[in-house]
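Report on the structure given below.
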Amino acid sequence: EAQAEAQAEAQAEAQAEAQAQAAARPSVMSELAACASLTSLNLASTDVTDQGAPELARVLREWPGADHPGRGRGRGERSGGGGAKGGGGGQGGEGGGLRMLDLSQTSIGAAGMRELAGALKGLTDLRLAYNRVEAEGGTAIAKMLRDEGHAGLSRLDMGGCRVGPEAGLEIAKALGRHSLHTLRLAGNLMGDQAVAALADALRHSSTLTLLDLADNTLSEQGATRLAEVLGGFSALRNLSVEDNAIGGAGALQLVEALRAIATLSDLGLGSNGVPDKVASHVINALPECDVRF
């Protein structure tokens with residue numbers, strides 16, 4: 001019994017010491033707040049979580065150069081420390097300020113995304129992949145994308161966020177305001193209606209080079225709507241509709257539209273129930289393209 005009490009006391013002392021040391025160390029968020037010159041911030045694969053999202057949102061709102069009322073603008077870049085990775089290819093936009101934010105795989109859910117959505121202004125590159133954003137968080141992102149302060153995105157990565165058809169529809173409609181060159185929406189279970197709305201929103205896009213719509217419960221109907229606008233994507237290089245259910249008919253409609261795009265170099269059609277005969281036709285119809293089944 002005495003030995004057990006001694007062990008418990010030692011564990012309590014060790015825990016208290018660890019807590020004191022943690023309190024004495026500057027937090028990642030406080031370190032970020034001191035990085036006034038960052039234009040790119042990579043927090044991918046760190047444990048931000050819903051609990052850390054409110055403080056991160058506060059830091060982003062107060063970021064020098066952020067497009068928020070009463071904020072100045074900073075220039076240049078330097079490393080963030082504390083697990084954060086800064087850097088990038090230049091100023092990231094006139095006037096400085098944070099332009100790229102990577103929050104991929106940071107265990108942020110719907111509650112955390114609600115906190116963050118209003119603090120993401122001024123970004124041109126936003127990466128949220130593999131967070132369980134789901135419908136509620138997806139709705140918050142859609143609202144953010146509709147806001148005038150968020151109209152400059154050139155890259156959006158929301159792969160694996162599982163937003164579903166309703167939030168997917170809202171996001172799709174909001175994206176028409178952005179001049180995107182990279183759009184990754186794989187693994188969101190958006191469905192035909194949302195993909196049709198996305199096709200309409202991007203109908204006149206001449207900047208889009210990569211579009212990833214894999215694993216979105218897309219059927220032949222959705223593929224048809226997408227095929228109707230693909231001819232306008234004159235810069236498209238990579239398209240993925242893998243892990244859907246477009247079938248042979250959907251694949252044929254897509255390939256007929258894609259033949260007009262000279263820049264296309266990579267096409268993913270795997271796991272769509274496409275018959276071998278149709279697959280052979282698609283490969284022959286796009287001899288300069290790497291077609292994956």
Side-chain angles (χ1 to χ4, degrees), residues 19 22-74 76-88 92-93 95-147 149-150 152-163 167 171 174 184:
Q19 290 174 343
R25 289 194 301 267
S27 69
V28 172
M29 298 306 174
S30 65
E31 289 185 22
L32 290 178
C35 295
S37 59
L38 278 175
T39 60
S40 300
L41 178 59
N42 184 353
L43 293 174
S45 301
T46 61
D47 290 327
V48 176
T49 73
D50 285 349
Q51 287 68 40
E55 188 177 358
L56 177 58
R58 177 189 61 76
V59 170
L60 293 174
R61 288 190 182 95
E62 296 176 357
W63 201 278
D67 292 342
H68 294 279
R71 302 295 174 198
R73 290 188 177 274
E77 295 181 354
R78 64 187 177 89
S79 178
K85 291 161 276 186
L98 193 64
R99 292 294 177 259
M100 189 286 283
L101 178 62
D102 191 344
L103 294 174
S104 303
Q105 292 183 294
T106 49
S107 302
I108 298 174
M113 202 52 61
R114 285 200 314 271
E115 294 284 346
L116 285 167
L120 300 176
K121 291 186 178 181
L123 297 172
T124 60
D125 185 339
L126 178 59
R127 310 178 193 186
L128 303 171
Y130 302 108
N131 289 298
R132 297 298 292 191
V133 172
E134 300 183 332
E136 188 177 354
T139 298
I141 293 169
K143 183 178 179 181
M144 175 269 287
L145 291 170
R146 289 193 298 267
D147 190 283
H150 301 276
L153 276 181
S154 59
R155 171 172 176 157
L156 177 63
D157 186 350
M158 289 185 60
C161 286
R162 291 308 204 238
V163 300
I171 290 170
R184 297 183 182 274

### Task
Please examine the side chains of Leu123 and Met144, heavy atoms only from C-beta on, and report whether any two atoms are closer than 4.5 Å.
no

Show which side-chain atoms of residues 153-161 pair as donor or acceptor with protein atoms under 3.5 Å away, not counting sequence neighbours.
unit_1 : atom_1 : unit_2 : atom_2 : d
Ser154 : OG     : Thr124 : O      : 3.1
Asp157 : OD1    : Gly159 : N      : 3.1

## Note on the structure
Between Ala110 and Gly137, the two heavy atoms sitting closest are CB-N, 3.6 Å

## Note on the structure
Residues Asn42 and Ala44: closest non-hydrogen pair is OD1-N, 2.9 Å

## Note on the structure
Nearest heavy-atom approach of Ser45 to Thr106 is N-CG2, 4.0 Å

### Ile141 side chain near Leu126 side chain, heavy-atom distance below 4.5 Å
no

### Message
Looking at every heavy atom in both Ala174 and Arg146, which two are closest together, and how far apart are they?
### Response
CB-CG, 3.5 Å

### Task
Taking all non-hydrogen atoms of both residues into account, name the closest pair between Thr139 and Ala167 and its distance.
N-CB, 3.8 Å

### Query
For the atom pair CD1 (Ile108) and CG (Leu56), what is the distance rounded to the nearest 0.5 Å?
6.5 Å

### Query
Any side-chain heavy-atom pair from Leu116 and Val48 closer than 4.5 angstrom?
no

### Summary
Between Leu60 and Ala119, the two heavy atoms sitting closest are CB-O, 3.6 Å

### Summary
dist Leu98:CG -> Asp125:CG (nearest 0.5 Å) comes out at 10.0 Å

### Query
Could you give the distance from CG (Leu41) to CZ (Arg127), rounded to the nearest 0.5 Å?
11.5 Å

### Nearest-0.5 Å distance, CD of residue Gln105 to CG of residue Leu128
12.0 Å

### Message
Any heavy-atom pair between the side chains of Glu134 and Met113 that's under 4.5 Å?
### Response
no

### Donor-acceptor pair between Asp47 and Thr49 side chains, under 3.5 angstrom
no

